[in-house]
Amino acid sequence: MKTPEQYYAIARDMFFSAHPSFSTALDEISETDAKQAGMTLQQCRDMQAERIYAAFLRQKKLDGMIFSIQLAEPDKQVAAVAIENYLKSHAAALGMTWEEFCIKNEL
C-alpha cells in the first residue's frame, strides 16, 4: 500500500493528464518567471501544479487525501484500508481516539 502522499502525487498527475490545458499552462512558465520567484524552473512548475490541484480540491470541497486515494487506488479494498489509516493518523494528530474521531465526524 502506498502512503497518502504517494496517492496524492499519483492523483495530481492523473488530474493533469485529464486536463491538458493546465499542463500546457505549466509548460508556459519560463525560466525568467522561476528566477523572479527565486526558484528553479522545476520548483516553480511543481508549486504552480500544486496550487492548481489544491484549488480544484477546494472548489469541489473535497478532502485532498481521501479523494486522491479514491482516484489513484484501483483496488477498492486497498483504498478503504488506506483511507482508514489516513483518518486514524488524522485522529491521532488531533489527540483523539479513533472512537472519538468517528463519533465527532459521524463515521
Side-chain angles (χ1 to χ4, degrees):
M1 185 174 356
K2 297 169 187 67
T3 66
E5 294 79 11
Q6 289 170 318
Y7 283 120
Y8 188 90
I10 293 166
R12 190 179 77 183
D13 290 345
M14 293 171 75
F15 171 82
F16 280 99
S17 292
H19 298 89
S21 62
F22 289 130
S23 293
T24 301
L26 290 175
D27 290 340
E28 291 174 5
I29 296 172
S30 70
E31 194 71 50
T32 302
D33 297 327
K35 283 181 184 176
Q36 287 176 346
M39 300 179 195
T40 67
L41 181 58
Q42 191 59 50
Q43 288 172 325
C44 191
R45 286 181 177 169
D46 288 345
M47 180 187 71
Q48 293 302 331
E50 179 58 33
R51 286 179 172 177
I52 291 167
Y53 187 56
F56 165 78
L57 294 168
R58 276 191 310 277
Q59 179 188 26
K60 299 294 184 182
K61 298 179 180 167
L62 298 169
D63 179 296
M65 289 298 187
I66 293 174
F67 174 76
S68 295
I69 293 168
Q70 290 171 326
L71 182 63
E73 180 53 66
D75 184 321
K76 298 307 175 197
Q77 289 180 326
V78 173
V81 171
I83 290 168
E84 183 176 332
N85 289 341
Y86 163 69
L87 291 174
K88 284 181 177 179
S89 70
H90 194 65
L94 293 171
M96 301 172 77
T97 67
W98 178 237
E99 184 177 283
E100 290 169 331
F101 184 84
C102 288
I103 291 168
K104 182 178 188 236
N105 291 286
E106 300 177 0
L107 299 178

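We number each residue from 1, following the sequence as shown. Bear in mind that the values here come from a model prediction, so they are computed numbers and not experimental data.
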Evaluate the criterion ring pair (Phe, Tyr, Trp, His ring centres under 6.0 Å) for residue pair Phe22 and Phe15; output intermediate values, then yes/no. CA-CA 9 Å; Phe22 289 130; Phe15 171 82; 5.6 Å; yes
Check whether Tyr53 and Ile66 end up in the same hydrophobic cluster, where Ile, Leu, Val, Met, Phe, Trp and Tyr are linked by side-chain heavy atoms less than 4.5 Å apart. yes
Looking at CZ of Phe67 and NZ of Lys60, how far apart are the two atoms once the value is rounded to the nearest 0.5 Å? 9.0 Å
Shortest non-hydrogen contact between Arg12 and Asp46, atoms and distance: NH1-O, 4.0 Å
Between the side chain of Asp27 and the main-chain N/O of Thr24, is any donor-acceptor distance below 3.5 Å? no
Calculate, to the nearest 0.5 Å, the distance between atoms NZ and SG belonging to Lys35 and Cys44 respectively. 12.5 Å
So Trp98 and Glu84, do their side chains get closer than 4.5 Å, heavy atoms only? yes
Which heavy-atom pair separates Ile69 from Ala79 by the least distance, and what is that distance? CG2-O, 3.7 Å
How many angstroms lie between atom NZ of Lys88 and atom SG of Cys102, to the nearest 0.5 angstrom? 8.0 Å
Rounded to the nearest 0.5 Å, what's the gap from CD1 on Ile103 to CD on Glu99? Could you check? 4.5 Å
For residues Ala91 and Thr97, report the shortest heavy-atom separation together with the two atoms involved. CB-O, 4.3 Å
Closer than 3.5 angstrom, by distance alone: can the side chain of Arg45 be matched with the main-chain N or O of Ile29 as a donor-acceptor pair? yes
Contact summary for Ala11 and Ala72, nearest pair of heavy atoms: N-CB, 4.1 Å
Hydrophobic clusters here meaning ILVMFWY residues chained together by side-chain heavy-atom distances under 4.5 Å, can you tell me if Tyr8 and Met47 are in one? no
Within one Ile-Leu-Val-Met-Phe-Trp-Tyr cluster: Phe56 and Ile52, side-chain cutoff 4.5 Å: yes
If you look at every heavy atom in Leu71 and Met14, which pair is closest and at what distance? O-CE, 3.6 Å
Roughly how far, to the nearest 0.5 Å, is CD of Gln77 from CE of Met1? 11.5 Å
For the OH atom of Tyr7 and the NZ atom of Lys2, what is their distance to the nearest 0.5 Å? 5.0 Å
